Amino acid sequence: MTDAEAEIIDLAAECQFDPLAWSESAWDWGEGELSDYAGPRDWQSDIFGQIKAHLDDPVTRFQPLQVAVASGHGIGKSACMGMISNWAMSCWDDAKIVTTANTDGQLRTKTAPEIGKWFRMSITSHWFDVQATSIKSRDPTRGESWRQDFIPWSEHNTEAFAGLHNKGRIILVLFDEASKIADKVWEVAEGALTDEGTVIIWIVFGNPTRNSGRFRECFRRFRHRWVQRQIDSRTVPGTNKTFLQRLVDDHGEDSDIVKIRVRGQFPSQSAMQFISATDADSARDRHLRPEQYRFAPKIIGVDPAWTGDDSLEIVLRQGLFSKSLASLPRNDNDVHVANLIARLEDEHQADAVFIDAGYGTGIKSAGDVMGRSWRLIWFSGKPIDPGYVNKRAEMWGTMKRWLKDGGAIDPSDEDIYQDLIGPETVPRLDGKVLLESKEDMKERGLPSPNKGDALALTFAEPVGKRVRQVHGGNHHQVAVDYNPLG
């Protein structure tokens, strides 16, 4: 072993808990391809410092470290992934790394080659065999246990992300363009966080293009579990400041295009998003007094489960007020479901029950036998408003106006919130509004918005409030006309 090689091995050992020191020493900054750079960028050093602080503390060392980085364009995300990957592979025996991106093309033509470039420039370049789909130790006895794999994700084939265990060593999981990686892949990746006595680091990078999904929730619902960074491209050396300023001048500092491409902030409303997060946030923060809605009819919407991983949702709306009454796994026993709906109808003295006809015809038939006057609503049916393609789009359009007019949702119900902001519109030459299908949403990695559809069903038709009277033990109902948006 040469003295130079011994020095590299000693440096790797010293930097096992310090990727910042490794990044400053493992590359010839100011030389060759790095002639314009004196070292890592400040935001990259910040991430490396977060890892160092986590590993230096024995209390946190073997707890998962999760870091989410949302940014504008051109800040050097791939370079950061390359340096972190090289640190883990160089400073830890039998390191195991899994890297994925939003598409196979992004992974194969951009992410993997960029990471490979940082391995080839490193002082440990001779330790590793860099290939298109993997980077492995050159030790013939360790190539399978000491490796980084570039794996295309698929919500239909998540096995590649399962079983990622490396007890007593290090696991590094990297997501590139994380906004568009399916929720199911995130869920499976979480399975890698369970090893005891193992250093586990999960870092996700992306432009904040979508206002829903797991990447968005790193900065909202799950923010307590993630170290978050939102990087403005204008603060990073080497970015095209003239072009970035042009975007600001053309679109405005607070425009969504500047938020996404420059400021590293999530949009108020994604380009095709039907209901904005701003409207959903307002509905979630809204607190109503009973006198603001108790005079309105009570309407129940029922959206039966379509597939095994969907849920059957029953939602109540009374004027501006709404709440979930029941959420249960798919149930093909129509009589059982009908009995549940009947019980809830009686308990809340509902004035109308609307059921999605797609999978609700059996439930409606069971209700008929019970003497119930429930209505089937065909999502594909003809709308009253010619500006919508079908009945479903029209109901969601009415619900959107309801939100803007003061509608309220349960602040503790994360599912209804995500369902409202999830669906996107489908562009049409005739300008009519069409929402993407549940199947299309699943292709984007989002769950079916069953609870959102159940709430939308409460806007299916005008409903008259019924005045219930009791005479000699007999119940009589008298319909009173009422505006369904009241």
Side-chain angles (χ1 to χ4, degrees), residues 8 10-30 34 36-72 74-92 95-97 99 111 114-115 117-119 121-124 148 169-176 178 192-193 198-208 215 218-219 222-239 263-265:
I8 294 174
D10 289 342
L11 177 65
E14 293 171 5
C15 294
Q16 187 173 57
F17 289 173
D18 193 350
L20 179 57
W22 180 258
S23 69
E24 293 170 342
S25 305
W27 288 275
D28 292 326
W29 298 104
L34 300 177
D36 294 331
Y37 303 96
R41 291 170 170 171
D42 288 345
W43 77 265
Q44 295 165 341
S45 295
D46 172 49
I47 300 299
F48 302 152
Q50 290 292 322
I51 297 173
K52 179 181 186 301
H54 180 84
L55 296 179
D56 279 344
D57 186 346
V59 175
T60 61
R61 183 176 303 151
F62 298 118
Q63 298 301 315
L65 173 64
Q66 299 172 212
V67 181
V69 180
S71 71
I75 69 163
K77 298 188 299 291
S78 298
C80 187
M81 286 190 282
M83 285 185 273
I84 292 173
S85 297
N86 184 259
W87 160 76
M89 291 280 282
S90 300
C91 300
W92 292 81
K96 187 173 287 186
I97 307 175
T99 305
T111 308
E114 183 71 12
I115 290 175
K117 181 182 79 173
W118 285 88
F119 271 81
M121 293 190 298
S122 169
I123 59 175
T124 58
Q148 176 170 14
R169 297 181 175 84
I170 188 172
I171 295 172
L172 176 62
V173 180
L174 300 174
F175 281 9
D176 191 15
L193 309 182
T198 303
V199 170
I200 302 170
I201 302 171
W202 185 10
I203 310 180
V204 298
F205 300 86
N207 299 121
F215 186 56
C218 293
F219 298 82
F222 301 122
R223 61 185 179 275
H224 58 291
R225 303 198 183 282
W226 292 82
V227 175
Q228 310 116 30
R229 293 293 184 269
Q230 292 180 267
I231 313 297
D232 189 318
S233 297
R234 295 170 295 185
T235 67
V236 178
T239 56
R263 297 172 61 187
Q265 295 185 1

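Because the structure is predicted, anything quoted here is derived from the model rather than measured.
- The aromatic rings of Phe222 and His224 are tilted relative to each other, their planes meeting at an angle between 30° and 60°.
- Here the side chains of Phe48 and Met83 are in contact, with some heavy-atom distance below 4.5 Å.
- For the residue pair Pro40 and Ser23, the shortest heavy atom distance occurs at CG-OG, 3.3 Å.
- When every heavy atom of Ala79 is checked against every heavy atom of Glu114, the shortest pair comes out as N-CG, 4.1 Å.
- The distance from atom CD1 of Ile8 to atom OG of Ser25, rounded to the nearest 0.5 Å, is 11.5 Å.
- For the atom pair CG (Asp46) and CD1 (Ile51), the distance works out to 10.0 Å, reported to the nearest 0.5 Å.
- Environment of CG in Asp42: sparse, with no more than 12 heavy atoms of neighbouring residues, nucleotides or ligands closer than 6.0 Å.
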_Worked verdict on Leu174 versus Thr111 for side chain to side chain contact (heavy atoms under 4.5 Å, CB included)_ = CA-CA 10 Å; Leu174 300 174; Thr111 308; over 6 Å; no
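- Residue Phe17 holds its CZ atom at 15.5 Å from CH2 of Trp22, rounded to the nearest 0.5 Å.
- When all heavy atoms of Leu34 and Trp27 are compared, the pair lying nearest together is CD1-CB, 3.8 Å.
- Looking only at side-chain heavy atoms (C-beta outward), Ser78 and Trp118 stay at 4.5 Å or farther from each other.
- Heavy atoms only, all atoms of each residue included: Trp29 and Ala38 are closest at CB-O, 3.6 Å.
- Judged as a side chain to side chain donor-acceptor pair (under 3.5 Å), and not counting sequence neighbours, the contacts of Ser85 are Gln148.
- Inter-residue side-chain proximity for Trp43 and Cys80 is flagged as met; some heavy-atom pair is nearer than 4.5 Å.
- Separation of the Phe175 and Trp202 ring centroids falls under the 6.0 Å cut-off.
- Going from atom CZ of Phe119 over to atom CE of Met89 covers 5.0 Å, rounded to the nearest 0.5 Å.
- With sequence neighbours excluded, the residues that form a side chain to side chain contact (heavy atoms under 4.5 Å, CB included) with Thr198 are Lys167, Ile171, Asp195, Ile200.
- When atom types are taken as modelled, the side chain of Thr239 and the backbone of Ser233 share a donor-acceptor pair closer than 3.5 angstrom.
- Interatomic distance, Asp176 CG to Thr99 OG1, rounded to the nearest 0.5 Å: 9.0 Å.
- In this structure, Arg263 contributes its side chain and Asp232 its backbone to no donor-acceptor pair below 3.5 Å.
- No donor-acceptor pair closer than 3.5 Å links the side chain of Arg225 to the backbone N or O of Gln66.
- Within the 3.5 Å criterion, the main-chain N or O of Val227 finds no donor-acceptor partner in the side chain of Gln50.
- A side chain to side chain contact (heavy atoms under 4.5 Å, CB included) with Ile97 is found for exactly one of Ile170, Ile115, Ile84, Leu172, namely Leu172.
- Ring geometry for Trp92 against Trp87 counts as perpendicular: the plane angle is over 60°, on a 0 to 90° scale with 30° as the lower cut.
- Distance alone, capped at 3.5 Å, places no donor-acceptor pair between the Gln228 side chain and the Ala68 backbone.
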*Passes side chain to side chain contact (heavy atoms under 4.5 Å, CB included), Asn207 versus Lys77? Steps please.*
CA-CA 10 Å; Asn207 299 121; Lys77 298 188 299 291; 4.1 Å; yes
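- Asp57 meets the side chain to side chain donor-acceptor pair (under 3.5 Å) test with no other residue; sequence neighbours excluded.
- If you take OG on Ser71 and CD on Gln230, they are separated by 10.0 Å, rounding to the nearest 0.5 Å.
- Looking only at distances, a side-chain donor or acceptor of Thr60 sits under 3.5 Å from a matching main-chain atom of His54.
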